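Please read these numbers as outputs of a predicted model, since none were measured by experiment.
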Amino acid sequence: MQHKVKVTVIDKKVYPQLQAQYCANPESGACSCYNVGDEFIFERYGNADDFWHMGINTLKQSVKTADAIADIAGGTNFPHCSEAWDAISRYIYTGLQGGAIMQGWMNDERIMIACCSDGTRPVIFKIERMDYKAVYINGIGCNKCRNKIKKALEQIEDVLNVVFRKKDTKNEYIELFIDKDISNDLIIHTIESLGKYQVTKID
């Protein structure tokens with residue numbers, strides 16, 4: 001089984017009284033690195049290793065509002081803010097290894113709610129481990145094949161989503177996101193019972 005980590009900005013706070021009393025710029029305002037609703041996906045599979053680049057290019061969705069920030073940490077121009085990274089990186093690393101991010105504290109050990117260490121304008125993050133299996137398949141020829149496979153796999157209990165990934169000369173693979181572990185035999189049977197397809201590897 002493989003793992004990704006999704007990080008979502010769920011809130012931003014600002015404490016003007018503390019900024020007025022302690023900050024060099026007493027009108028610093030809210031964090032200028034993140035927008036509420038920004039989503040980041042960290043991968044560690046194949047050639048991807050987003051953790052060791054402090055999450056540069058991990059931004060997958062940014063909420064466009066009138067006051068949204070253009071250059072977001074984790075986008076294409078610069079990695080995550082060091083204050084935020086110090087607070088969230090350990091949870092991201094744990095999730096990428098398939099570990100329990102916060103067992104016994106959260107109602108789901110795959111999730112943690114954390115904030116950066118700026119006490120005058122903290123950003124609050126949801127860090128979520130996403131479990132999936134990389135399933136390599138021979139015989140896919142078109143989108144009709146992909147839709148057929150996707151529909152069949154999504155009928156399996158605990159399958160959350162099916163995403164098709166890069167193609168090589170012989171096969172392509174899917175990311176089969178799951179809520180709970182399912183057997184490789186069930187995945188193989190579901191795909192190969194559709195006809196001409198052959199599962200060559202499951203990671």
Side-chain angles (χ1 to χ4, degrees), residues 1-9 37-64 72-77 79-80 88-89 91-101 108-111 126-203:
M1 189 184 304
Q2 304 299 322
H3 312 279
K4 298 187 184 189
V5 173
K6 180 164 76 169
V7 177
T8 307
V9 178
D38 291 343
E39 289 186 359
F40 308 86
I41 300 291
F42 286 78
E43 298 190 48
R44 202 173 195 192
Y45 183 73
N47 294 324
D49 197 346
D50 296 323
F51 182 84
W52 295 114
H53 300 95
M54 286 181 67
I56 196 165
N57 287 321
T58 56
L59 179 68
K60 302 304 178 187
Q61 173 182 303
S62 183
V63 176
K64 302 300 181 185
I72 301 164
T76 57
N77 292 329
H80 283 271
I88 66 177
S89 59
Y91 303 120
I92 294 169
Y93 188 79
T94 299
L96 288 171
Q97 304 305 311
I101 294 178
D108 185 336
E109 68 175 23
R110 297 170 296 183
I111 294 173
K126 177 184 178 184
I127 302 125
E128 179 181 6
R129 191 187 85 211
M130 302 164 62
D131 302 329
Y132 72 98
K133 292 193 175 188
V135 184
Y136 290 77
I137 307 168
N138 274 342
I140 298 175
C142 61
N143 284 334
K144 187 175 179 182
C145 295
R146 295 180 187 92
N147 291 336
K148 186 177 180 181
I149 292 168
K150 180 179 175 72
K151 185 176 179 180
L153 289 171
E154 287 178 342
Q155 298 303 308
I156 301 174
E157 186 178 2
D158 295 320
V159 171
L160 301 176
N161 195 16
V162 179
V163 178
F164 286 82
R165 296 303 299 260
K166 62 185 178 181
K167 186 176 183 179
D168 61 27
T169 55
K170 290 186 176 180
N171 61 15
E172 61 185 287
Y173 75 92
I174 60 172
E175 291 176 341
L176 185 66
F177 291 93
I178 51 181
D179 187 46
K180 295 178 183 175
D181 196 8
I182 57 177
S183 74
N184 290 351
D185 287 343
L186 177 58
I187 296 169
I188 294 168
H189 174 75
T190 301
I191 294 171
E192 295 189 349
S193 66
L194 297 174
K196 60 181 181 177
Y197 313 112
Q198 179 189 16
V199 175
T200 59
K201 181 174 72 169
I202 298 179
D203 284 338

K.L.:
May I have the step-by-step check of side-chain contact (heavy atoms from CB on, under 4.5 Å) for Met1 and Ile178, ending in yes or no?
P.N.:
CA-CA 10 Å; Met1 189 184 304; Ile178 51 181; 3.8 Å; yes
K.L.:
Rounded to the nearest 0.5 Å, how far does CD1 of Ile140 lie from NZ of Lys196?
P.N.:
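Rounded to the nearest 0.5 Å, the NZ-CD1 separation comes to 9.5 Å.
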K.L.:
Could you tell me whether the side chain of Arg110 and the main chain of Asp179 form a donor-acceptor pair under 3.5 Å?
P.N.:
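Pair found, side chain donor or acceptor close to backbone of Asp179.
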K.L.:
Looking only at side-chain N and O atoms, does Asp203 offer a donor or acceptor that is under 3.5 Å from a partner on Tyr173?
P.N.:
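Not at all, the side chains of Tyr173 and Asp203 share no donor-acceptor pair under 3.5 Å.
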K.L.:
Quick one: list whatever passes side chain to side chain donor-acceptor pair (under 3.5 Å) with Asp181, sequence neighbours left out.
P.N.:
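Residues passing side chain to side chain donor-acceptor pair (under 3.5 Å) with Asp181: Lys133.
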K.L.:
CD1/Ile149 to CD/Glu154 distance, rounded to the nearest 0.5 angstrom?
P.N.:
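Result: 12.0 Å between the selected atoms.
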K.L.:
Would you call Asp108 and Arg129 a salt bridge, using N to O less than 4.0 angstrom?
P.N.:
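No.
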K.L.:
side-chain contact (heavy atoms from CB on, under 4.5 Å) for Phe40 and Val9? Distances and angles first, verdict last.
P.N.:
CA-CA 9 Å; Phe40 308 86; Val9 178; 4.1 Å; yes
K.L.:
Does any N or O in the side chain of Glu43 come within less than 3.5 Å of the main-chain N or O of Asp50, such that one atom is a donor and the other an acceptor?
P.N.:
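No, Glu43 side chain to Asp50 backbone: no donor-acceptor pair under 3.5 Å.
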K.L.:
I need the Leu153 CG to Ile191 CD1 distance, nearest 0.5 Å.
P.N.:
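Taking CG in Leu153 and CD1 in Ile191, the distance rounds to 4.5 Å.
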K.L.:
Report yes if some heavy atom in the side chain of Gln61 is under 4.5 Å from a heavy atom in the side chain of Ile41; otherwise report no.
P.N.:
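Gln61 vs Ile41: side chains apart.
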K.L.:
Applying the side-chain contact (heavy atoms from CB on, under 4.5 Å) criterion to Lys150, which one of Val159, Asn161, Val163 satisfies it?
P.N.:
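Only one option passes, and that is Asn161.
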K.L.:
Does atom NZ of Lys151 have more than 12 heavy-atom neighbours, drawn from other residues, nucleotides or ligands, at distances under 6.0 Å?
P.N.:
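Atom NZ in Lys151 is not packed in, count stays at 12 or less.
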K.L.:
Looking at CD1 of Ile72 and NE2 of His80, how far apart are the two atoms once the value is rounded to the nearest 0.5 Å?
P.N.:
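Reported to 0.5 Å precision, the distance equals 10.5 Å.
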K.L.:
State the NE2-OH distance between His3 and Tyr132, to the nearest 0.5 angstrom.
P.N.:
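With rounding to 0.5 Å, NE2 (His3) is 9.0 Å from OH (Tyr132).
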K.L.:
Determine, step by step, whether Lys4 and Tyr45 satisfy the side-chain contact (heavy atoms from CB on, under 4.5 Å) criterion, reporting the C-alpha distance in whole Å, the side-chain angles of both residues, the deciding distance to 0.1 Å, and the verdict.
P.N.:
CA-CA 9 Å; Lys4 298 187 184 189; Tyr45 183 73; over 6 Å; no
K.L.:
Work out which heavy atom in Gly139 is nearest to a heavy atom in Cys145; give both atom names and the distance.
P.N.:
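Looking at all heavy atoms of both residues, the closest pair is O-SG, 4.5 Å.
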K.L.:
How many angstroms lie between atom OG1 of Thr58 and atom CG of Asp38, to the nearest 0.5 angstrom?
P.N.:
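Reported to 0.5 Å precision, the distance equals 10.0 Å.
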K.L.:
Side chains of Thr8 and Glu128: does their closest heavy-atom pair fall under 4.5 Å?
P.N.:
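Side-chain contact under 4.5 Å: no.
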K.L.:
So which atom in Leu194 and which in Thr190 form the shortest heavy-atom distance, rounded to 0.1 Å?
P.N.:
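Minimum heavy-atom contact is CG-O, 3.4 Å.
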K.L.:
If we only count heavy atoms from C-beta on, is the Thr94 to Ile127 side-chain gap below 4.5 Å?
P.N.:
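In short, these two side chains do not touch, never coming nearer than 4.5 Å.
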K.L.:
Side chains of Leu176 and Ile182: closer than 4.5 Å at any heavy-atom pair?
P.N.:
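When only atoms from C-beta onward are counted, Ile182 and Leu176 do touch, with a gap below 4.5 Å.
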K.L.:
Are Glu172 and Arg165 packed together at the side-chain level, in the sense that at least one heavy-atom pair is separated by less than 4.5 angstrom?
P.N.:
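Glu172 does not reach Arg165 side chain to side chain.
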K.L.:
What I'd like to find out is whether the side chain of Glu175 reaches to under 4.5 Å of the side chain of Met130, using heavy atoms alone.
P.N.:
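Answer no - side chains too far apart.
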